**Student:** 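My questions all concern the structure below.
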Amino acid sequence: MPMYDFACRECGQVFEKKLRMSQSSDPQACPSCGSGDTRRHMSSAIAIGGGGSSVAPAIATRPPSSPFT
Ligand SMILES: [Zn+2]
């Protein structure tokens, strides 16, 4: 049974659940705040990338020097 990662849009809580394929598209309630507004992604897909954090703030990592200045 595949493990799915979920992230809560309300409080940002990330949690994992083992679900059947048929259940994977069902909304999962956040264990932290109880909100049903969560989004899903496969945890295995992220593990392949090797990075720890899933979402990198691209804007914050802009180099200080810009060719347009
Ligand atoms: Zn939440």
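On a predicted model such as this, the values are computed, not experimentally measured, just so you know. Both counts, for ligands and for their atoms, begin at 1 and track the order of listing.
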**Student:** My understanding is that only residues two or more places apart in sequence, or in another chain, count here; which of them pass side chain to side chain contact (heavy atoms under 4.5 Å, CB included) with Ala29?
**Tutor:**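 With sequence neighbours excluded, Ala29 shows a side chain to side chain contact (heavy atoms under 4.5 Å, CB included) to no residue whatsoever.
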**Student:** Distances under 2.8 Å only: what protein N/O/S atoms are near the Zn ion (ligand 1), ordered by chain and residue?
**Tutor:**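 Atoms qualifying: Cys8 SG, Cys11 SG, Cys30 SG, Cys33 SG.
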**Student:** Could you give me the CA-CA distance, side-chain angles and deciding distance for Phe15 and Gln28, then say whether side chain to side chain contact (heavy atoms under 4.5 Å, CB included) is met?
**Tutor:** CA-CA 10 Å; Phe15 56 100; Gln28 302 297 323; 4.2 Å; yes
**Student:** Apply side chain to side chain contact (heavy atoms under 4.5 Å, CB included) to Cys11 and Cys30, showing your working.
**Tutor:** CA-CA 9 Å; Cys11 70; Cys30 171; 3.8 Å; yes
**Student:** If Ile, Leu, Val, Met, Phe, Trp and Tyr residues are connected whenever their side-chain heavy atoms lie under 4.5 Å apart, and connections chain through other members, are Met21 and Phe6 in the same group?
**Tutor:**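 Yes; Phe6 is reachable from Met21 via cluster members.
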**Student:** Measure the spacing between CD of Gln23 and CE of Met1 and express it to the nearest 0.5 Å.
**Tutor:**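 Going from CD on Gln23 over to CE on Met1, the span is 7.0 Å.
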**Student:** Once rounded to the nearest 0.5 Å, what's the spacing between atom OG1 of Thr38 and atom CG of Asp5?
**Tutor:**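 Going from OG1 on Thr38 over to CG on Asp5, the span is 11.5 Å.
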